Amino acid sequence: MTLEWKLVVDSADPHAQAAFWAEALGYEVEDNSVLVGRLLAGGVVGEDAVTPDHTAFRTLRAVRHPGDPVDPDTGTGLGRRILFQAVPEPKTGKNRLHIDLHAGLERRDAEVDRLKALGATVLHVVREPGSHHVTMADPEGNEFDVQ
């Protein structure tokens with residue numbers, strides 16, 4: 001039996017993180033306005049729990065692959081998806097899990113430059129037998145590799 005999954009990333013600003021990663025991956029920021037509207041209308045949540053445009057919750061924002069299906073009742077992606085959730089504590093150490101972006105040798109340097117323009121930083125360039133990649137950090141310091 002296989003399981004559905006999503007990657008959940010703790011963050012200080014889930015909306016900024018979603019915007020960065022949507023651009024970085026070519027993903028779409030989810031629009032959960034149908035679900036938010038239903039919960040507001042039913043009195044389940046108040047205005048303080050949602051964004052001013054009613055497309056998401058203040059403490060959560062997700063990105064999804066544009067080619068994957070979406071639940072029409074919630075706007076939630078049903079495939080490749082990353083959910084950013086607000087947490088009070090800052091990032092304090094190295095990630096135990098990270099994303100590898102596969103740009104390819106011919107596009108790696110241009111991709112690194114594009115990601116830097118979006119707010120990422122280069123942490124180091126790795127040249128090892130069998131591997132040449134760039135370790136970067138997103139705007140909140142989460143490490144990822146560009147290969």
Side-chain angles (χ1 to χ4, degrees), residues 1-36 38-39 44-45 48-147:
M1 177 174 100
T2 61
L3 298 173
E4 299 295 326
W5 61 272
K6 68 178 168 284
L7 177 64
V8 179
V9 179
D10 292 348
S11 62
D13 184 342
H15 297 274
Q17 285 292 90
F20 171 82
W21 282 102
E23 286 293 322
L25 297 171
Y27 275 32
E28 295 178 356
V29 176
E30 283 186 355
D31 179 346
N32 302 119
S33 56
V34 173
L35 174 62
V36 169
R38 191 169 59 244
L39 295 175
V44 178
V45 299
D48 60 331
V50 301
T51 58
D53 64 1
H54 292 179
T55 60
F57 298 94
R58 288 190 188 273
T59 60
L60 300 168
R61 196 72 194 228
V63 298
R64 64 175 183 79
H65 188 283
D68 289 347
V70 176
D71 180 343
D73 294 329
T74 64
T76 300
L78 300 174
R80 294 160 280 188
R81 183 172 183 252
I82 304 172
L83 174 68
F84 300 93
Q85 66 180 5
V87 296
E89 66 277 357
K91 181 181 181 305
T92 58
K94 184 180 183 303
N95 298 7
R96 294 295 303 255
L97 175 73
H98 68 265
I99 297 173
D100 283 350
L101 304 182
H102 298 271
L105 179 61
E106 66 286 344
R107 287 187 27 227
R108 184 181 52 238
D109 293 341
E111 192 63 21
V112 166
D113 289 341
R114 184 181 76 83
L115 294 165
K116 284 172 30 181
L118 292 173
T121 55
V122 173
L123 299 178
H124 53 274
V125 176
V126 177
R127 286 186 175 91
E128 298 173 343
S131 178
H132 179 193
H133 63 272
V134 179
T135 299
M136 301 186 78
D138 72 16
E140 288 195 6
N142 300 301
E143 297 91 0
F144 65 96
D145 292 331
V146 180
Q147 300 179 338

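Position 1 is the first residue of the sequence, and the numbers go up from there. Please read all numbers here as calculations on a predicted model, not as lab measurements.
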Notebook entry, point to check: Does R61 reach the main-chain N or O of E30 with its side chain, forming a donor-acceptor pair under 3.5 Å?
Noted result: yes
Check: Quick one: does R58's side chain have a donor or acceptor within less than 3.5 Å of a partner on D48's backbone?
Finding: yes
Next item on the list: Please name the pair of heavy atoms, one in L78 and one in E4, separated by the smallest distance, quoted to 0.1 Å.
Entry: O-OE1, 3.8 Å
Note to self: For T74, is there any backbone N or O sitting under 3.5 Å from a side-chain donor or acceptor partner on N32?
What the structure shows: yes
Atom pairs and distances, donor-acceptor, side-chain atoms in residues 109-120, under 3.5 Å, two or more places apart:
{"from": "E111", "atom 1": "OE1", "to": "R114", "atom 2": "NE", "distance (Å)": "3.3"}
{"from": "E111", "atom 1": "OE2", "to": "R114", "atom 2": "NE", "distance (Å)": "3.1"}
{"from": "E111", "atom 1": "OE2", "to": "R114", "atom 2": "NH2", "distance (Å)": "2.5"}
{"from": "R114", "atom 1": "NH1", "to": "E23", "atom 2": "O", "distance (Å)": "2.9"}
{"from": "R114", "atom 1": "NH2", "to": "A24", "atom 2": "O", "distance (Å)": "2.7"}

Margin query: If I take atom NZ from residue K94 and atom CG from residue L123, how far apart are they, to the nearest 0.5 angstrom?
Written below: 10.0 Å
Margin query: Can you confirm whether Q17 sits close enough to N142 that some side-chain heavy atom of one is under 4.5 Å from a side-chain heavy atom of the other?
Written below: yes
Checklist line | Donor-acceptor pair, side chain of R108 and main chain of H132, under 3.5 angstrom | finding: yes
Check: Closest approach of A22 and V29, non-hydrogen atoms and distance?
Finding: CB-CG2, 3.7 Å
Item checked: Considering all heavy atoms, the nearest F144-D138 contact -> CE2-N, 3.6 Å
Next item on the list: Would you give the length of the straight line joining atom NE2 of H65 to atom CD of E28, rounded to the nearest 0.5 angstrom?
Entry: 9.5 Å
Notebook entry, point to check: Taking C-beta and beyond as the side chain, do V146 and H133 meet within less than 4.5 Å on heavy atoms?
Noted result: no
Checklist line | Salt bridge flag under 4.0 Å for residues E143 and K91 | finding: yes
Item checked: Rounded distance [0.5 Å steps], CE in M136 versus NE2 in H124 -> 12.0 Å
Next item on the list: Would you mind reporting whether D145 and V126 have side-chain heavy atoms less than 4.5 Å apart?
Entry: no
Notebook entry, point to check: Would you say I82 and I99 make side-chain contact, with heavy atoms under 4.5 Å?
Noted result: yes
Note to self: Between V50 and L39, is there a side-chain heavy-atom distance shorter than 4.5 Å?
What the structure shows: no
Checklist line | Check: T55 side chain, D31 main-chain N or O, donor-acceptor pair, under 3.5 Å | finding: no
Next item on the list: Would you name the heavy atoms of A62 and L83 that are closest together and state the gap between them?
Entry: CB-CD1, 3.8 Å
Next item on the list: Over all heavy atoms of both residues, which pair between Y27 and R80 is shortest? Give the atoms and the distance, please.
Entry: OH-CB, 3.5 Å
Next item on the list: Please examine the side chains of F20 and D13, heavy atoms only from C-beta on, and report whether any two atoms are closer than 4.5 Å.
Entry: no
Next item on the list: Please examine the side chains of V63 and F84, heavy atoms only from C-beta on, and report whether any two atoms are closer than 4.5 Å.
Entry: yes
Next item on the list: Evaluate side chain to side chain donor-acceptor pair (under 3.5 Å) for D100 paired with H102, printing each intermediate quantity in order.
Entry: CA-CA 6 Å; D100 283 350; H102 298 271; 4.9 Å; no
